[in-house]
Amino acid sequence: MKSEPDEMSIDAALLEPDHTIPWVGVRNYQARNFMRDAMKQGDGILFYHSSCAEPGIAGLAEVASGPYPDPTQFEPDSKYFDPKATPENPRWMLVDVRVFKKIELVPLAQLRTHQELVAMRLLQRGNRLSITPVSVDEWRHILSLVKTQKS
DNA sequence: GCCAACGTTGGC
DNA sequence: GCCAACGTTGGC
């Protein structure tokens with residue numbers, strides 16, 4: 001899951017109660033559908049910093065709730081306000097994300113050097129989706145990179 | 001700031 | 001339903 005650190009960084013998330021944040025602001029149907037339909041409580045998440053000096057994976061997290069309506073869609077003063085959404089007919093759903101580990105940044109440039117990750121959706125040419133699936137093999141490979149870095 | 005790539009909008 | 005125009009994302 002991508003987050004712009006100016007909006008919500010791994011450090012900011014760790015300051016929240018229970019290290020948990022509602023993943024507000026997604027306004028793309030594919031990304032919404034992943035949260036609404038595919039992600040289950042307890043699923044692992046790679047917390048990715050995007051649109052910043054050094055993009056990359058900054059932490060490990062997990063899905064900490066089932067899907068529920070993004071409250072910001074109903075808030076007229078929010079930049080995420082959606083006039084077509086109503087509490088009776090919400091358009092945008094989200095999940096809570098609980099960060100359980102900050103890691104030494106695994107930079108995007110490094111991810112791109114790994115043959116094991118060439119098929120990773122995040123790394124595909126032209127990918128702009130802020131939420132993309134990670135295969136079990138990709139997950140394991142990335143976790144092994146984290147360990148290597150820490151030693 | 002540039003720009004490739006993709007998503008959304010809206011006229012027809 | 002098509003598709004041109006426009007807006008957004010996000011690495012560089």
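Every chain is numbered from 1, with letters handed out A, B, ... down the list of sequences.
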Would you name the heavy atoms of Gln124(A) and Val118(A) that are closest together and state the gap between them?
NE2-O, 2.8 Å
Sub-4.5 Å side-chain heavy-atom contact between Tyr68(A) and Pro90(A):
no
Set out, line by line, the N/O atom pairs under 3.5 Å between protein and nucleotides 1-7 of chain C.
unit_1 : atom_1 : unit_2    : atom_2 : d
dG7(C) : N2     : Arg128(A) : NH1    : 3.4

Measure from the side-chain N and O atoms of Gln73(A) to the backbone N and O of Ala85(A), and report whether any donor-acceptor pair falls under 3.5 Å.
no
Which residue pairs pass the salt bridge (Lys or Arg N to Asp or Glu O under 4.0 Å) test when at least one of the two sits in residues 83-92 of chain A, sequence neighbours left out?
Asp82(A)-Arg91(A)
Got a sec, which residues hit side-chain contact (heavy atoms from CB on, under 4.5 Å) with Ala64(A), two or more places apart in sequence or on another chain?
Thr20(A), Asp96(A), Arg98(A)
Salt bridge (charged side-chain N to carboxylate O under 4.0 Å, His left out) against Glu4(A), all qualifying residues, sequence neighbours excluded:
none
Check Arg27(A) with Asp70(A), please: is the shortest side-chain N to carboxylate O separation under 4.0 Å?
yes
Return the minimal non-hydrogen interatomic distance between Trp23(A) and Phe47(A), and the atom names on each side.
CZ3-CE1, 3.7 Å
Without swapping roles, check the side chain of His114(A) against the backbone of Ile142(A) for a donor-acceptor pair under 3.5 Å.
no
For DNA chain C, the residues among residues 43-58 of chain A that have a non-hydrogen atom under 4.0 Å from it:
Tyr48(A), Ser50(A), Ser51(A), Pro55(A)
Check nucleotides 9-11 of chain B against the protein and report each pair of N or O atoms closer than 3.5 Å, with its distance, or say if there are none.
none

Check step by step if side-chain contact (heavy atoms from CB on, under 4.5 Å) holds for Phe34(A) and Tyr29(A).
CA-CA 9 Å; Phe34(A) 281 133; Tyr29(A) 290 105; over 6 Å; no
